[in-house]
Amino acid sequence: MRLATWNVNSVKARLPRLLAWLADTRPDVVCLQETKCPDGAFPVDEVGELGYSVASHSDGRWNGVAILSRVGLDDVAVGFADEPGFPEPEARAISATCAGVRVWSIYVPNGRIPDSPHYEYKLAWLAVLRDALAAELRTGRPLVVCGDYNVAPTDADVWDPALFVGSTHVTPAERQALADLRALGLADVVPTPMKGPHPFTYWDYRAGMFHQNKGMRIDLVYATASFAGDVRSAYVDREARKGKGPSDHAPIVVDAGADGDHPPLPEGLDPVRR
DNA sequence: ATGACAAAGCTTCTTTGA
């Protein structure tokens, strides 16, 4: 299976690039975040022409998550039990079973600043997500939780840790929330960067951050050993952040299990050595 | 070159993002 996750920052604004990327990369399953797409407006016909079925969850102007699959899309679930809201639950989680793998696409609340109700909301959301994933794990099925976690797991995952002191995305409480997810039995499938030592997935649009490679690793793939153990390669598709009209996030592409009908990996991205 | 924010809508500003 070729699995990808991408915060597209509006599926409507990104549609030409998304379609071209799908045609080039041909993932089996794609988790999208920040679709920013009102109910009923998801371009299901356009991605359908490329062979993808769609499960999407939206709440209008902000947020929005989706799963595209060309290997089955069963038992779709929107949100999760007791999901916290602000104050109402937002469109931040969707899950489905694709070729025997339970796949989640999540968009963790930003948190804004630590001294903020948005930050408390973020921590509460992650804590209840943990309970929901614990329930999923009891099925014994392979599980992959992909998305924009809005947390940089370590200081190496931001371009300048000193600049982030006192900011969200790096606080001990946020990092502990990720550690609590991993403690369920989920492994961090760390992708290979295309450039530089850090597998950043996000670069601010402003001030030439991308060209200076001043990024963050906040998009993550957490997977059970039953999936992670079969991973042959994982990389950040930095090419998708280039050029005119990109998202501010790059996709992560993971190949796991049996080889499928996919284009070869970009040059220099050898399969994971294990 | 990869180039100096972007997207949405209650659109000519405000909110949000991280």
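In what follows, chains carry the letters A, B, and so on, assigned in the order in which the sequence lines appear, proteins first and then strands, with residues in each chain numbered from 1.
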Counting any heavy atom closer than 4.0 Å, what does [X] reach on the DNA or RNA strands: base, sugar-phosphate only, or nothing?
X       : answer
N110(A) : base
Y149(A) : nothing
P109(A) : nothing
S10(A)  : sugar-phosphate
D148(A) : sugar-phosphate
E34(A)  : sugar-phosphate
H211(A) : base
M216(A) : sugar-phosphate
F164(A) : nothing
G60(A)  : nothing

Mind calculating the distance between [atom1] ([X]) and [atom2] ([N]) to the nearest angstrom?
X       : N       : atom1 : atom2 : result
D204(A) : dA4(B)  : CG    : C1'   : 11 Å
K36(A)  : dA6(B)  : NZ    : P     : 12 Å
Y202(A) : dT16(B) : OH    : C1'   : 11 Å
Q33(A)  : dA18(B) : CD    : C1'   : 15 Å
D219(A) : dA18(B) : CG    : C1'   : 11 Å
F210(A) : dA4(B)  : CZ    : P     : 12 Å
M209(A) : dG17(B) : CE    : P     : 18 Å
N63(A)  : dG17(B) : CG    : P     : 7 Å

Taking all non-hydrogen atoms of both residues, which atom of S226(A) and which atom of P142(A) are closest, and how far apart?
-> OG-CA, 3.4 Å
Closest approach of A81(A) to V128(A) (non-hydrogen atoms, all atoms of both residues) | O-CG1, 3.4 Å
ring-ring contact (aromatic ring centres under 6.0 Å, His included) pairs, two or more places apart, involving residues 89-114 of chain A = none
Which pairs with one or both residues in residues 149-195 of chain A pass ring-ring contact (aromatic ring centres under 6.0 Å, His included), sequence neighbours excluded?
-> Y149(A)-Y222(A), W159(A)-F164(A)
When you measure from every atom of DNA chain B, which of residues 245-252 of chain A have a heavy atom less than 4.0 Å away?
-> H249(A)
With a 4.0 Å heavy-atom cut-off, tell me which residues in residues 111-126 of chain A come close to DNA chain B, sorted by residue number.
-> R112(A)
Do N110(A) and K122(A) have side-chain atoms, one donor and one acceptor, less than 3.5 Å apart?
-> no
Provide the distance between the two [atom1] atoms, one in [N] and one in [M], to the nearest whole Å.
N       : M       : atom1 : answer
dA8(B)  : dA4(B)  : C1'   : 23 Å
dT11(B) : dT16(B) : C1'   : 15 Å
dC10(B) : dT15(B) : C1'   : 12 Å
dA6(B)  : dA18(B) : C1'   : 13 Å

Please determine if [X] and [Y] form a salt bridge, counting it only when a charged side-chain N lies under 4.0 Å from a carboxylate O.
X       : Y       : value
R206(A) : D248(A) : no
D188(A) : R217(A) : yes
R2(A)   : D255(A) : yes

Return no unless some side-chain N or O of N9(A) is found under 4.0 Å from OP1 or OP2 of dA7(B).
-> no
Got a donor-acceptor pair under 3.5 Å from the side chain of K195(A) to the base of dT2(B)?
-> yes
Excluding sequence neighbours, so at least two apart, what forms ring pair (Phe, Tyr, Trp, His ring centres under 6.0 Å) with H198(A)?
-> F200(A)
For W62(A), what are the other residues in its hydrophobic cluster, where any two members join if their side-chain heavy atoms are less than 4.5 angstrom apart?
-> none
Want to settle it: does I218(A) or K244(A) sit nearer the 5' end of DNA chain B, counting the closest nucleotide to each?
-> K244(A)
Could you check R61(A) against R206(A) and say which one's nearest nucleotide on DNA chain B is further toward the 5' end?
-> R206(A)
Could you please name the option among dG17(B), dC5(B), dA7(B) that lies closest to any side-chain atom of R14(A)?
-> dA7(B)
Can you label the angle between the F80(A) ring and the W125(A) ring as parallel, tilted or perpendicular, going by 30° and 60°?
-> perpendicular
